[in-house]
There are 2 protein chains.
Amino acid sequence: MKYSKATDYALHTMLFLTAATPNQPIGVQKLAERLGVSATYLSKILTKLVKAGMIESASGARGGYRLKRNWENISFLDIIHTIEGKASLFDCSLDHGSECAIQQVVLLAEEKMEDHLRNQTLAELAKKVEVDV
Amino acid sequence: MKYSKATDYALHTMLFLTAATPNQPIGVQKLAERLGVSATYLSKILTKLVKAGMIESASGARGGYRLKRNWENISFLDIIHTIEGKASLFDCSLDHGSECAIQQVVLLAEEKMEDHLRNQTLAELAKKVEVDV
DNA sequence: CTATCAAAGACTTCACATGCCTATAATAGC
DNA sequence: GCTATTATAGGCATGTGAAGTCTTTGATAG
Ligand code: SF4
Ligand code: SF4
């Protein structure tokens, strides 16, 4: 039970992008060096973020990635869901209905966590942290 | 990012044991049939619970498993930690100190979830559910 | 046209969860 | 003491998914 490293990379990448100038996209190469991870692997993660509409990409020379407009509203939960999927922590094989007490407890606990992650926006994070790219 | 089936089995087993008569231990065979899982696999999970001090075992004829005294205070979190371990959801390779904003957000969210799981005792669960063993 | 860059897919490697089988030890009942 | 029953321990097999590499394709600025 642990978040994958891909989630770790995605969160850090998004944070880096908030500190970048919006007119100048950053290539996957630079981001990968910064994170200490291979460029090809990070590329897959970035593509997921692009498809989720959080960042946009530009092919060709002087291309790269940059945040989309509206990025201020992106939450931690958005990023995590994009990478980890939206499946629940707990899926019992036999679903005995919504009145099941075990499910209720675990799912409610999960919601508490998600509430917190949903209320933390990328903009707030960027304010707290001073990043030098 | 999902709880293992072992956690699922452990929670269900503990619930079953609350409905059992304390003087008559239940063998792993019966429990396994009830859960639809192999007895040898469930046995490993039960041994973990024994070592964690949540249940006690009796070898030999008419042996089996039963709850220990004090079982009313066992929480969901106790059971989950016993099976899944107590590692955090999020472990970045480079630990830049406790003031790191990313860590703070995720760890705080995790604590919210754990708080809820910690406040749900096995006794409360047993009250809610009518189990026939 | 060419150098640069993202996108996509196949592939390998590794870790771990799940599950099975066997041997060993302990205990109740005879 | 003997036997049946039961937990404990260990190793083995299998499957699944994460992590990472490589190669090809396609787009674009200069
Ligand atoms: S009792 Fe609840 S958790 Fe267990 S299998 Fe049924 S629905 Fe799932
Ligand atoms: S910035 Fe925070 S989350 Fe990222 S590596 Fe450093 S300590 Fe870990």
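Lettering of chains follows the sequences in order, A, B, ..., and the numbering in each one begins at 1. Computed from a predicted model, the values in this text were never measured in an experiment. In what follows, every heavy atom counts, from backbone to side chain, and hydrogens, waters and symmetry copies are set aside.
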Look for any protein N or O under 3.5 Å of an N or O in nucleotides 10-17 of chain C and output each such pair with its distance, or none.
{"residue": "C/dA10", "atom": "N6", "partner": "A/Lys44", "partner atom": "NZ", "Å": "2.8"}

Report each atom pair, protein N/O against N/O of nucleotides 24-30 of chain C, whose distance is under 3.5 angstrom.
{"residue": "C/dT27", "atom": "O2", "partner": "B/Ala61", "partner atom": "N", "Å": "3.4"}

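- Sorted by first and then second residue, the side-chain hydrogen bond (donor to acceptor under 3.5 Å, both in side chains) pairs involving residues 75-86 of chain A (not counting sequence neighbours) are A/Ser4-A/Glu84, A/Thr7-A/Glu84, A/Ser75-A/Asp78, A/His81-A/Glu114.
- Taking the six-membered ring for Trp and thresholds of 30 and 60 degrees, A/Phe90 and B/His12 have nearly parallel ring planes, at less than 30 degrees apart.
- The distance from atom OH of A/Tyr65 to atom P of C/dT4 is 17 Å, rounded to the nearest whole Å.
- Taking only side-chain nitrogens and oxygens, B/Tyr9 comes nearer than 4.0 Å to OP1 or OP2 of C/dG19.
- Among the nucleotides D/dT8, D/dC22, C/dC20, the one closest to the side chain of B/Thr40 is C/dC20.
- For the pair B/Gln29 CD and D/dA4 C1', the computed distance is 14 Å after rounding to whole Å.
- Results of the side chain to side chain contact (heavy atoms under 4.5 Å, CB included) test with A/Thr13 over A/Ile45, A/Leu42, A/Asp8 single out A/Leu42 as the only residue that passes.
- Atom OH of A/Tyr3 is separated from atom P of D/dG17 by 19 Å (rounded to the nearest Å).
- For the pair A/Ile83 CD1 and D/dA18 P, the computed distance is 11 Å after rounding to whole Å.
- Using a 4.0 Å heavy-atom criterion, one finds that B/Lys51 contacts the sugar-phosphate atoms exclusively.
- Atom NZ of A/Lys48 is separated from atom C1' of D/dG20 by 14 Å (rounded to the nearest Å).
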